[in-house]
Amino acid sequence: MRAVGAEEVAPTSHPWEIQADGLVVRVGGRRGRNAVNELTLRLGRGVHGLLGPNGAGKTTLIRTLATVQKPSAGSLSLLGTPLGGSAGLRKLRRKLGYLPQHFGYYKRFTVREFVEYLAWLKEMPPETIPGAVQRALEKVGLADRADDRLKTLSGGMVRRVGIAQAIVNDPEVLLLDEPTVGLDPAQRLRFRELVVELGQQSCVLISTHLVEDVAAACSDVVLVAEGSLVFQGTPADLVAAGTEDHVGDSPIERGYSALINAAPGQGGGW
Amino acid sequence: MTAHHPGEQLLRQYARGDDIPADRLWAVEAHLEGCAPCRGRLDPDPIAEQVWADLAPVLDRTPQMPRARSWLRHVSHWVSPVAGPWLAMILLVTAVAVALDQAGSVARGQISLVLLVAPVLPVLGVAASWGRAMDPAYELTSATPRAGLPLVFRRTVAVLAVVVPGLLVASLVTGASLTRWMLPCLAFTTCTLALGGLIGITRAALTLIAGWAAGIVLPTIALSRTSVALDVAAAPVWAAVLAAALIVIAVRFRTQSRSS
């Protein structure tokens, strides 16, 4: 059993885990574009699916929420801490979990060493690190490969190492950018169970292009196009938006294409 | 502790997991917690035996944690995991510079190559520790609370801990005076960090190395005479540069830590 700190049992003083108002994120320097454009979003506890076409600004939004990318305008609060200056940034980052889309790692490290190193970077108390690492590896089903070098793992296993490092500090805000890429169907089912479990305690935001992942695991769907919010609601609401005339193999896909095609500036084609 | 111990029959029922009224069950449980003799009276079988029988094969299969590479953990807290080959390269460059100096091949021994490369060697190490292009886990690292100046300082100290002893040995072998390279070396390192805060560490390192090569190394080799910048008389200037860079870093650190 680990000790429970006073901070963990303190009542939450913020209404939303993630709160963005008129958020603008400009990428690509002077001649760049607004990857996130006037986005207003409120997310609480639970599993939220972030859907949108390629180039809709999903990754930029996740990077901004992970405090890697700075917002250009608008306001953004995470766990009640306003981002902008670096006020409280360090404390906030201890409660974040982040899996980037392109997950880079050190090939020579073993799975356990790598997750331990990330736990150290997240400033976890040293005495809690070995136990937390073991728990995280068990959750992603890699406990039996814990002492293998990362370079010997398959793509799906590396992705699971990425999930393990994201959840090792029991984050209150968990940001996963395309976490199911490279996972086989059985692993994806296991992953959905895991995020549903994590969503009980924290705010999980999953960026994905797999609509069925959202339908199965998410309590809430966020649809973005051209950097702006198009739709926010339950998967059932998304299904209700589609009719038989819309493109798609499943009701939820038809709902997705109905909303995306209705969004301004979205033609057909790709 | 209470003087009333549960009777034999009640205890047997408890051990079997029988349906005991909740108030009596709590009483037995609370009593057992505090009374070792009564715990001893609990029939060990069948429950404990059963639990153990279920557990033993699992325990045999549970892999033990090897702790063979605990040194790696200590090293990686200071040195960036990708900087190892770079530090090896820096030491190699130092050795080559010493060898060339000993052979007297550069301008017939008029110029010390060790002096010429010493200031920029740690810059390479700092760039390797913090370069976005060189660190595959840069994106992950930069989202962690330890990212920022504290980690930059740790990694810089680690780089200096490797580079400075190497240069010390080199200057002992070649007879180059300590004051002539130590201050430029530290000044360049701190300038990289100060400039890196504005334009990124990799770009800052490249700018400084290019500036050094164009401003000092080329004229020195062309004119076959050691630049005035590496003279002992230039030491106050280097000390001033070092102090200015430290102030820039300190101001940045204060604005960051004050608000965090």
Side-chain angles (χ1 to χ4, degrees), chain A residues 59 62-69 81 84-110 112-114 116-124 126 129-131 133-134 137 143-147 149-150 162 165-166 169 171 175 177, chain B residues 58 60-86 88 128-152 154-155 197 199-200 203 251-260:
Chain A
T59 292
I62 292 239
R63 292 187 77 224
T64 311
L65 296 175
T67 70
V68 178
Q69 177 95 39
T81 309
S86 46
L89 186 61
R90 201 166 167 178
K91 219 169 143 192
L92 169 67
R93 281 177 167 173
R94 289 186 198 140
K95 299 176 194 160
L96 290 184
Y98 172 43
L99 172 66
Q101 188 172 21
H102 301 290
F103 167 62
Y105 54 91
Y106 305 121
K107 290 194 190 95
R108 288 169 201 279
F109 278 46
T110 68
R112 189 190 304 282
E113 281 162 357
F114 185 73
E116 274 182 354
Y117 180 59
L118 264 299
W120 177 78
L121 283 174
K122 293 182 182 194
E123 296 189 324
M124 292 177 69
I129 289 181
V133 170
Q134 183 66 27
L137 291 179
D144 54 335
R145 301 295 300 267
D147 297 301
R149 303 274 176 111
L150 283 167
Q165 65 77 26
N169 55 333
L175 306 159
D177 200 350
Chain B
V58 182
D60 284 342
R61 264 189 290 126
T62 305
Q64 299 298 306
M65 286 190 201
R67 281 261 163 261
R69 297 210 294 172
S70 64
W71 58 268
L72 184 85
R73 220 167 347 133
H74 298 292
V75 169
S76 60
H77 289 184
W78 289 89
V79 182
S80 161
V82 286
W86 286 82
S129 300
W130 266 108
R132 182 187 283 267
M134 296 173 198
D135 190 348
Y138 183 89
E139 175 92 3
L140 271 182
T141 311
S142 50
T144 61
R146 227 178 259 278
L149 278 167
L151 196 60
V152 171
R154 270 176 178 262
R155 290 182 172 180
I199 60 170
R203 243 177 263 164
V251 167
R252 267 179 55 78
F253 183 62
R254 263 177 62 89
T255 51
Q256 284 211 345
S257 60
R258 183 176 47 208
S259 44
S260 71

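Just so it is clear: chains get the letters A, B, ... in the order the sequence lines come, proteins before strands, and each one is counted from 1. Side chains are part of it too, since the values below use all heavy atoms of this structure and drop only hydrogens, waters and symmetry mates.
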**OP:** Give the minimum heavy-atom separation between Ala66(A) and Ala143(B), together with the two atoms involved.
**Re:** O-CB, 3.6 Å
Original post:
Do Pro136(B) and Tyr106(A) have side chains that get closer than 4.5 Å, going by heavy atoms?
Top reply: yes
Original post:
Is it the backbone or the side chain of Tyr117(A) that comes under 4.5 Å from a heavy atom of chain B, or both, or neither?
Top reply: side chain
Original post:
Once you round to the nearest 0.5 Å, how far does OG1 of Thr144(B) lie from OH of Tyr98(A)?
Top reply: 12.0 Å
Original post:
So does Arg146(B) have more than 12 non-hydrogen atoms from other groups sitting under 6.0 Å from CZ?
Top reply: yes
**OP:** Among Gln165(A), Glu113(A), Arg94(A), single out the residue with the greatest number of heavy-atom pairs under 4.5 Å to chain B.
**Re:** Glu113(A)
Subject >> Close side-chain approach of Glu139(B) to Arg63(A), heavy-atom, < 4.5 Å >> reply: yes
Subject >> Interatomic distance, Ser76(B) atom OG to Phe109(A) atom CZ [nearest 0.5 angstrom] >> reply: 4.5 Å
Original post:
Roughly how far, to the nearest 0.5 Å, is OG of Ser142(B) from CD of Gln69(A)?
Top reply: 10.5 Å
Original post:
Most heavy-atom pairs under 4.5 angstrom with chain B, which of Val68(A), Leu92(A), Leu121(A), Thr110(A)?
Top reply: Leu121(A)
